[in-house]
Amino acid sequence: MKKWVWVVATIVVALLIGGYAYSNHHATAKEYQAAMANGRTAIESKHYTQAESYFQNALKRRLNDKTAQRYLTQTQRYVAGEDALEARHFSAAESHYVAVKNTKKGSSVLVTRAKARYKQVKVIRANVKQFKKILSKAQGENRALNYGQSNTTLDELFNNAKFRQSYYKGLYAQALALRKANNAGQTSETSSAASTASSSSAAASSSATASSSSASLTSSEKQAAKNYSGSNEYTVTQSQKELDGKTITAQQIASARKTIDSAGGNASAMSDQDVRVAMQQANKKNLSLAKYTSQYLK
């Protein structure tokens with residue numbers, strides 16, 4: 001009799017344990033399915049952080065589950081791509097989108113979005129390459145003192161509506177700075193030209209006056225007048241004192257004055273900056289200083 005009781009008790013305990021295990025497994029399976037479904041819904045709503053949490057929860061319910069892990073990794077890569085695109089790290093963004101769109105048996109929604117983003121990044125990278133090429137050309141023209149032409153080249157960028165998009169923010173800032181430098185250079189050129197013209201006019205007037213009164217000057221006074229070297233400096237930027245990126249020295253200015261005089265110019269009526277401008281313009285026009293003087297300063 002006692003043996004029979006133990007057998008019955010053992011069976012009852014086994015049934016209870018089995019029932020609990022089955023019930024617990026069923027509940028866990030339902031929680032896993034619910035987490036996966038919620039994760040997919042979050043992706044559709046573009047709530048990617050929530051989606052990641054749901055897939056991580058699914059992995060807790062079913063350890064090492066390949067499907068949940070695939071969805072989680074795919075979501076994380078897509079988010080990384082979005083972050084890289086916003087930060088204008090286009091190469092990294094493209095890499096993440098490729099990984100997402102090539103994921104098999106993952107979220108078809110993310111695959112579709114990643115394909116669209118991938119195409120967008122390809123276009124952006126092509127635009128960056130083209131915009132950099134135009135900007136580089138404008139920078140070269142600025143270095144050659146062709147300020148007006150540099151601004152004309154920059155207009156190719158500013159007239160392109162795409163150039164104002166946030167993806168090209170860094171290039172846009174560089175273009176604005178270059179245009180400002182070009183405008184300053186043009187203003188300086190105009191001011192220097194006006195100063196040179198004014199100095200030449202004054203020199204002509206002074207020469208006429210000197211000629212009319214030379215008969216009344218002593219030989220020592222005439223020599224003093226001949227040795228006079230005028231100076232009419234005004235505030236200029238460092239770049240306006242340079243030629244090919246190097247500061248024009250006092251010795252170079254003195255040598256240039258002799259060249260200008262020998263070519264028929266009137267160096268004594270020119271300030272040091274007028275001489276620098278003449279040297280820069282001659283270099284810009286690919287002329288010798290003597291030839292530039294004979295053509296433009298007589």
Side-chain angles (χ1 to χ4, degrees), residues 78-97 113 116-198 233-249 271-287 292 296:
Y78 186 81
V79 170
E82 295 287 88
D83 291 341
L85 179 58
E86 184 177 356
R88 298 187 292 282
H89 298 157
F90 304 122
S91 179
E94 184 176 321
S95 177
H96 288 306
Y97 292 135
R113 291 175 184 171
R117 285 297 202 198
Y118 174 76
K119 291 180 180 178
Q120 180 184 6
V121 173
K122 293 287 284 186
V123 172
I124 290 173
R125 295 189 73 182
N127 287 340
V128 167
K129 183 177 180 180
Q130 180 63 21
F131 293 157
K132 282 185 176 180
K133 183 178 180 180
I134 296 173
L135 181 59
S136 178
K137 179 183 177 183
Q139 289 169 335
E141 291 165 341
N142 170 272
R143 288 192 292 271
L145 306 180
N146 293 325
Y147 305 122
Q149 183 57 49
S150 180
N151 273 343
T152 298
T153 300
L154 287 176
D155 285 341
E156 295 181 42
L157 295 175
F158 292 121
N159 291 336
N160 190 329
K162 292 181 180 179
F163 189 58
R164 292 189 290 274
Q165 294 178 346
S166 61
Y167 306 120
Y168 317 109
K169 184 177 180 181
L171 294 176
Y172 190 86
Q174 291 181 50
L176 282 178
L178 182 58
R179 184 168 66 179
K180 183 177 180 180
N182 286 337
N183 292 341
Q186 287 180 310
T187 300
S188 177
E189 255 187 3
T190 301
S191 176
S192 296
S195 175
T196 300
S198 177
E233 293 297 51
Y234 49 89
T235 302
V236 293
T237 64
Q238 179 58 35
S239 63
Q240 291 173 297
K241 297 181 179 180
E242 297 177 349
L243 182 63
D244 291 334
K246 297 181 179 180
T247 301
I248 299 173
T249 65
S271 69
D272 284 355
Q273 183 56 27
D274 291 336
V275 175
R276 293 189 191 100
V277 170
M279 293 171 68
Q280 292 168 340
Q281 291 301 314
N283 183 65
K284 175 181 174 181
K285 297 179 183 296
N286 199 26
L287 297 172
Y292 176 80
Y296 297 98

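Keep in mind that the numbers below use all heavy atoms, side chains included, and drop hydrogens, waters and symmetry copies. Given the structure is predicted, the values throughout are model-derived calculations rather than measurements.
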(message) Working to the nearest 0.5 angstrom, can you tell me the gap between K137 NZ and T153 OG1?
(response) 4.5 Å

(message) Please find the pair of heavy atoms, one from Q280 and one from L243, that lie closest to each other, and give the distance.
(response) CA-CD1, 3.9 Å

(request) Count the heavy atoms of every other residue, nucleotide or ligand shown that sit under 6.0 Å from CD of E242, and state whether that count exceeds 12. (result) yes

(message) I'd like to check the ring-ring contact (aromatic ring centres under 6.0 Å, His included) partners of F90; sequence neighbours left out, ordered by chain and number.
(response) none

(request) Taking ring-ring contact (aromatic ring centres under 6.0 Å, His included) as the test, write out the residues that go with Y78, two or more places apart. (result) Y48, Y97

(request) With sequence neighbours left out, write down each residue that passes side-chain contact (heavy atoms from CB on, under 4.5 Å) with A144, or none if nothing qualifies. (result) N146

(message) With a 3.5 Å distance limit and no angle check, can you tell me whether K284 reaches the backbone of L145 through a side-chain donor-acceptor pair?
(response) yes

(message) Going by the rule side-chain contact (heavy atoms from CB on, under 4.5 Å), which residues pair with D155 if we only count those two or more places apart in sequence or in a different chain?
(response) N159

(request) Give a yes or no on whether the backbone of N183 and the side-chain of T187 come within a donor-acceptor separation of less than 3.5 Å. (result) yes

(request) Determine yes or no for a side-chain-to-main-chain donor-acceptor pair under 3.5 angstrom, with T152 supplying the side chain and G148 the backbone. (result) yes

(message) Could you measure the distance from the CD atom of Q130 to the CG atom of N160? Nearest 0.5 Å is fine.
(response) 9.5 Å

Please tabulate, for side-chain N and O atoms in residues 116-125, each donor-acceptor pair with protein atoms closer than 3.5 Å (sequence neighbours left out).
residue : atom : partner : partner atom : Å
R117    : NE   : E82     : OE1          : 2.8
R117    : NH1  : Q120    : OE1          : 2.8
R117    : NH2  : E82     : OE2          : 3.1
Q120    : NE2  : Y167    : OH           : 2.9
R125    : NH1  : E94     : OE1          : 3.0

(request) Evaluate the side-chain proximity of L154 to L135: yes if any heavy-atom separation is below 4.5 Å, no if none is. (result) yes

(message) Nearest 0.5 angstrom please: R276 CZ to T247 OG1, how far?
(response) 9.0 Å

Contacts table for residues 169-182: side-chain donor-acceptor under 3.5 angstrom, sequence neighbours left out:
residue : atom : partner : partner atom : Å
N182    : OD1  : N142    : ND2          : 2.7
N182    : ND2  : S150    : OG           : 2.8
N182    : ND2  : N151    : OD1          : 3.1
N182    : ND2  : L178    : O            : 3.4

(request) State, to 0.1 Å, how close A93 and G81 come at their nearest heavy-atom pair, and which atoms those are. (result) CB-O, 3.6 Å

